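Chain A is the first sequence line, chain B the second, and so forth, proteins listed ahead of strands; every chain is numbered from 1. None of the values given here were measured: they were computed from a predicted structure.
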Amino acid sequence: MANQEQDGYQPSTIEEKWQRRWEERGTNAFTTDELRSADQPFYNLMMFPYPSAEGLHVGNIYAFTGADVYGRYQRLRGRTVFEPIGFDAFGIHSENFALKVGTHPMDLIPSNVANFTRQLRRIGGMFDWTHTVDTTDPAYYEWTQWIFLQLYEAGLAERKEAPVNWCPSCMTVLANEQVGAGACERCGTPVEQRRIAQWFFKITEYAERLLDNLEELDWSETTRKAQANWIGRSEGAQLHFPVLDEQGANTDDTVEVYTTRPDTIFGATYMVLAPEHPLVDAVTRAGQAGAVDAYRVQARKKDLVARQKDDRTKTGVFTGGYCRNPATGRAVPVWVADYVLMDYGTGAIMAVPGHDERDFEFARTFDLPIVRVVAGPDENADTPLEEAYVGPGRLVNSGELDGTDVSESVSVATEWAAKQGWAEARVQYRLHDWCISRQRYWGPPIPIVHCPSCGAVPVPEDELPVVLPRVEDFKPDDTGVSPMARVESWYETSCPACGGDARRETDVSDTFLDSSWYFLRYPSTDFDDRPFDPEITKQWLPVDTYIGGNEHAVLHLMYARFITMVLKDLGHIDFEEPFTQFRAHGLIIAEGAKMSKSKGNVIVPDPIIEEYGADTFRTYLMFLGPFEEGGDYRAEGIQGPHGFLHRMWDTAVSADPSAPPDPEVERKVHQTIKQVSEQIPELGYNTAIAALMECLNSVRAGGRTAARAEVEPLVVMVAPFAPHMAEELWEQLGHEESIFDGAHWPSYDDAKLAEDTVTVAVQVNGKLRGSIDVPKDAPEPDVVAAARGDENVARHLEGAAERRVIYVKERLINFVVE
RNA sequence: GCCGGGGUGGCGAAAUGGUAUACGCAGGGGACUUAAAAUCCCCCGGGAGUAAUCCCAUGCGGGUUCGAUUCCCGCCCCCGGCACCA
């Protein structure tokens, strides 16, 4: 009698065994030659983690498991799957944590990476550990710097003094994208405005392409929408308003305004300049100069929080000056107000209080004239305006434009105005250039040398990397420059152009630059003389499937797309979209609430894996809910997948190797193959697992002994979720090779799917009154007759006048009666 | 305010025009066992009824349809993102 203990499912032993084997045999690793010669390459990418001191959290594991399931599935389908992983270890996260615990990031990161690596191995991902990437490794960031130089030489990187978002707590400049509601996204401190010389990448030059390409990408709708909103294309016109002198005559100055409603020009009764607008002084009259100055000072002090807070009470000041409305010929007063933003459009607007809510509110506050120029269907030119009217209608009080329907009035008005020489059609984007410099320590130094005679000079390629030196005092300060600016021995250098004394750029680059190209590096990590090998890149890129969090829907994904486009334009690669398919996973909550330390519902993965094994943990995570929506982790719920894998094990090891499959069971197996094969590619992991459970229940029904032929397809299908157990069972079923190399994803036979008899629901007036079993392919009259024969159905039909009989083949009959 | 995603048993959830509640958790009952674990079987949306059976139920209100969780119109609520972008 076999010892139960020995034969039972022992996750920890099995998992250790197979993890060791995968590595010893290099099952998941590729040599450069193998990468070159792969015949059905599948690049399965997941967003690489920032290696925090806390270790992998459940969100990471959820994402990686979901991606790994997909990769393993593709491999069982016969693809050569490259599934790399790496570490996004530069950046403010790491640096702030290092400051907090008083350990140098150069010491901290390696131990964090080691811990992450241990955990990643433990969850049984199919990672190619011979192709990892660490963004803080000079061998990696050498090429991050190279990319900077590529952009610089292409004229896509420029240094300019710009008003930037400054976080007084992190003491660094933040990209617009890192500011949420006027506060630092990291620490929540209100952001201030400062003017500092910064490096920018001209991503705005790519706005149109970034937007247009979205249409063709196989990305989830949410992500594409988020990107489209961020790019924020709008169509309108730029209008020229001549500035008037004291006598009311035109001067040489014009105020340029951008508007999406040039058709409302006749209702433009005043204008507003942003406080920072360069023409404010020119427009302001002597009598108002004091008031205008006072307002500007106040506006500057008001940080972005106050300017963007919910409290949007309009403030402003009259400059005393006027412009001419080019349509009406009338003088309109020019105001300064902070509801107009300098960094959008032209920083100046024509105010149309009748048809813009903000302008309406401002006009009410300061008692400025409000003119109706659009009349709705039930209104006329004189209908009083109680609020800004933005609905459909026709133009009124608009001279030659009167009567034009608003559906076409924008283009009509633009054309009309352009003909008179005071307007041009203009497309405007909300996207800003990408500020990539950071006045911090923990990042790749920007490879530029500032020379008193030559200006900014790029570091020659053969001198890369510009290595970030170990500096013990890396604390940022309030000076607006990087801590590296305190390290004379490092920044003092000679000019690569003239050889004279020069100074290195002391800023480092944004972490998003590190992550904007890492997927290009993975397959080429064996090369130290090039960022990515052309041949291998051609073979493996673009990425087939990218899985990650939607929090990176705009920033990371946009920057990666931008950098890829630039590299294409510069001839380094031959594709311009890096990720053919992108899927965002959902979020895991715990016990019905967001995980947080204070709620005490944070899921710590290690002990769970310890108790149940990685396979059970993986399967449970995938079973919680639809992968793209996330799910609610409940500790006791793991019992389901736990029991399932145990039963799977018992069934497989006790299967009869020679018994023929039972036809009923075989049908169920084929139905399951069909379902699972359809659901996995759609990331419907939860329903795929449910189908496997249901199938296993059939295989075991009544405590019968399964036939091996029934079980083998199940073992293969469960392999993406529980890879260790599947390997072990596969071996015990007598196979030599790894299941991921030797097995083929099972296929189903349509002939075996069909049932001999089908159950047909019988309704009377749409209400279920019975169900009948009829032979498959039974002719309709027979089925209808059988339905009438049902006792309960007959009762409901009795004495009623039949109007129609609806028959849906092999599904349902509906008697429509009166 | 705008853009997404949601709202179905005690709970996680399934079903994309055709038998609502698959699969699983929790709960109840039973079998095996000295006991426990594991395993197996049965019950499990609400109401009425001894039962057959009937009525009600997928956030709310309408509509289309023989038939609606699913499609259309109008609301309410929750989650995520954006937000004075002219």
Side-chain angles (χ1 to χ4, degrees), chain A residues 4 8 180-181 220-226 228-230 232 234 236 257-261 264 272 307-310 312-314 337-341 343-352 355-359 361-362 428-431 550-551 553-554 584 586-587 589 591-592 594 620 623-626 628-644 646-647 650 684 686-697 700-703 759-771 791-792 795 803-809 811-817:
Chain A
Q4 278 299 314
S220 52
E221 182 65 12
T222 43
T223 314
R224 289 188 304 176
K225 268 270 161 59
N229 286 345
W230 194 262
S234 72
V257 306
Y258 172 74
T259 177
T260 53
R261 293 299 302 273
T264 61
V272 186
R307 225 163 133 165
Q308 293 185 352
K309 262 278 166 57
D310 292 351
R312 280 173 178 171
T313 316
K314 298 284 181 289
D338 64 8
Y339 82 92
V340 173
L341 310 173
D343 62 1
Y344 183 77
T346 59
I349 61 158
M350 65 176 203
V352 184
H355 306 284
D356 180 282
E357 284 165 27
R358 297 151 300 181
D359 297 344
E361 189 195 330
F362 191 85
Q428 177 68 37
Y429 296 94
R430 290 170 63 181
L431 185 70
N550 224 356
E551 70 272 19
V554 278
L587 294 179
I589 58 170
E591 314 292 336
K594 220 176 191 167
Y620 181 41
F623 185 62
L624 283 178
E628 289 174 276
E629 283 167 38
D632 186 2
Y633 190 101
R634 290 185 185 257
E636 68 274 12
I638 201 168
Q639 293 306 333
H642 174 69
F644 167 62
H646 272 274
R647 288 190 293 276
D650 292 342
N686 57 331
T687 49
I689 293 167
L692 290 169
M693 287 172 165
E694 212 175 315
C695 185
L696 183 66
N697 290 344
R700 294 166 59 84
T759 304
V760 174
V762 186
Q763 299 181 336
V764 178
N765 281 351
K767 283 188 190 280
L768 184 70
R769 297 303 180 192
S771 71
E791 199 186 321
N792 196 41
R795 209 158 53 79
R803 291 276 169 252
R804 289 170 70 182
V805 179
I806 312 266
Y807 177 53
V808 182
K809 192 166 184 287
R811 291 210 74 112
L812 172 140
I813 290 179
N814 188 12
F815 292 99
V816 185
V817 303

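- Going from the C1' atom of B/A57 to that of B/U8 covers 10 Å, rounded to whole Å.
- Residue A/Leu624 comes nearest to A/Asp632 through the heavy atom pair CD2-O, 3.3 Å, listed as atom of the first residue, atom of the second, then distance.
- Within the nucleic acid shown, A/Arg430 comes within 4.0 Å of at least one base atom, counting heavy atoms only.
- Straight-line distance between the P atoms of B/A68 and B/C55: roughly 15 Å, to the nearest whole Å.
- The shortest heavy-atom contact between A/Ala761 and A/Leu768 is CB-CD1, 3.8 Å.
- Of the C1' atoms belonging to B/G7 and B/U21, the separation is 15 Å, rounded to the nearest Å.
- Residue A/Thr759 is the one, among A/Thr759 and A/Glu636, whose nearest nucleotide of RNA chain B lies closer to the 5' end (criterion: closest heavy atom).
- The C1' atoms of B/G28 and B/G62 are separated by 42 Å, rounded to the nearest whole Å.
- Closest to the A/Thr259 side chain, of the nucleotides B/A86, B/G18, B/C23, is B/A86.
- Partners of A/Phe815 by ring pair (Phe, Tyr, Trp, His ring centres under 6.0 Å), not counting sequence neighbours: none found.
- Both A/Ile689 and A/Asn814 lie close to RNA chain B; mapped to their nearest nucleotides by heavy-atom distance, the more 5′-ward contact belongs to A/Ile689.
- How far CE of A/Met350 is from CG of A/Asp356: 9.5 Å, rounded to the nearest 0.5 Å.
- Between the P atom of B/A68 and the CG atom of A/Asn765 lies a distance of 11 Å, rounded to the nearest Å.
- Residues meeting the salt bridge (Lys or Arg N to Asp or Glu O under 4.0 Å) test with A/Arg803, sequence neighbours left out: A/Glu818.
- Ranking B/A22, B/A26, B/A86 by closeness to the A/Glu694 side chain, first place goes to B/A22.
- Annotation: A/Glu357, atom CD; neighbour count of heavy atoms from other residues, nucleotides and ligands within 6.0 Å does not exceed 12.
- The same atom, P, is picked in B/G74 and in B/G49; the two are 44 Å apart, to the nearest Å.
- Across A/Ala226 and A/Ala553, no two heavy atoms sit closer than the pair CB-CB, 4.3 Å.
- If you take NE2 of A/His646 and P of B/A37, they are 15 Å apart, rounded to a whole angstrom.
- If you take CG of A/Leu812 and P of B/G18, they are 10 Å apart, rounded to a whole angstrom.
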- Take nucleotides 2-17 of chain B nucleotide by nucleotide from the 5' end and write B, S or -, depending on whether a protein heavy atom sits under 4.0 Å from the base, only from the sugar-phosphate, or from neither. -SS------SBSS---
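- Here B/C23 is the nucleotide among B/C66, B/C23, B/G80 with the atom lying nearest to any side-chain atom of A/Ala690.
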- Under a 3.5 Å cutoff on both atom distances, Watson-Crick or G-U, what's the dot-bracket for RNA chain B ([ ] crossing, | other strand)? (((((((..(((.....[....))).(((((.......))))).((((....))))..(((((..]....))))))))))))....
- Between protein and nucleotides 40-56 of chain B, map the contacts as a letter string: B base, S sugar-phosphate only, - none, heavy atoms under 4.0 Å, written 5' to 3'. S------------SSSS
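- Among the protein residues, A/Lys809 comes within range of no part of the nucleic acid, since none of its heavy atoms lies under 4.0 Å from any strand.
- Glycosidic torsion of B/G9 falls within 90° of 0, placing the base in syn.
- Counting non-hydrogen atoms under 4.0 angstrom, A/Gln763 reaches a base of the nucleic acid.
- Nearest heavy-atom pair, A/His355 versus A/Thr264, reported as atom, atom and distance to 0.1 Å: CB-CG2, 4.5 Å.
- Regarding A/Lys314, its NZ atom lies at a distance of 11 Å from the C1' atom of B/A86, rounded to whole Å.
- With B/U19, B/C82, B/A22 as the candidates, the nucleotide lying closest to the side chain of A/Ala761 is B/U19.
- Straight-line distance between the P atoms of B/C32 and B/C44: roughly 24 Å, to the nearest whole Å.
- Annotation: cation-pi geometry not satisfied between A/Lys314 and A/Phe362 (NZ/CZ under 6.0 angstrom from ring centroid, within 45° of ring axis).
- The interatomic distance linking A/Arg803 (CZ) with B/C66 (P) rounds to 13 Å, in whole Å.
- Contact between A/Arg634 and A/Glu591 at its shortest, heavy atoms only, is CA-OE2, 3.5 Å.
- For the pair A/Tyr258 and B/A86, the criterion of a side-chain N or O lying under 4.0 Å from OP1 or OP2 is not met.
- B/C75 and B/U65 have their C1' atoms separated by 23 Å, with the value rounded to a whole Å.
- In this structure, the side chain of A/Asn765 engages the main chain of A/Val817 through a donor-acceptor pair within 3.5 Å.
- Distance check, rounded to the nearest 0.5 Å: CG of A/Asn686 to OH of A/Tyr620 gives 12.0 Å.
- Of the P atoms belonging to B/G10 and B/G46, the separation is 7 Å, rounded to the nearest Å.
- Looking at residues two or more places apart in sequence or on another chain, you find no salt bridge (Lys or Arg N to Asp or Glu O under 4.0 Å) involving A/Glu629.
- Rounded to whole Å, atom C1' of B/A26 lies 12 Å from atom CD of A/Glu591.
- A straight line from CZ of A/Phe644 to C1' of B/G24 spans 11 Å, rounded to a whole angstrom.
- Regarding A/His642, its NE2 atom lies at a distance of 20 Å from the P atom of B/C23, rounded to whole Å.
- Taking every heavy atom of both residues into account, A/Thr346 and A/Val257 meet most closely at OG1-CA, 3.3 Å.
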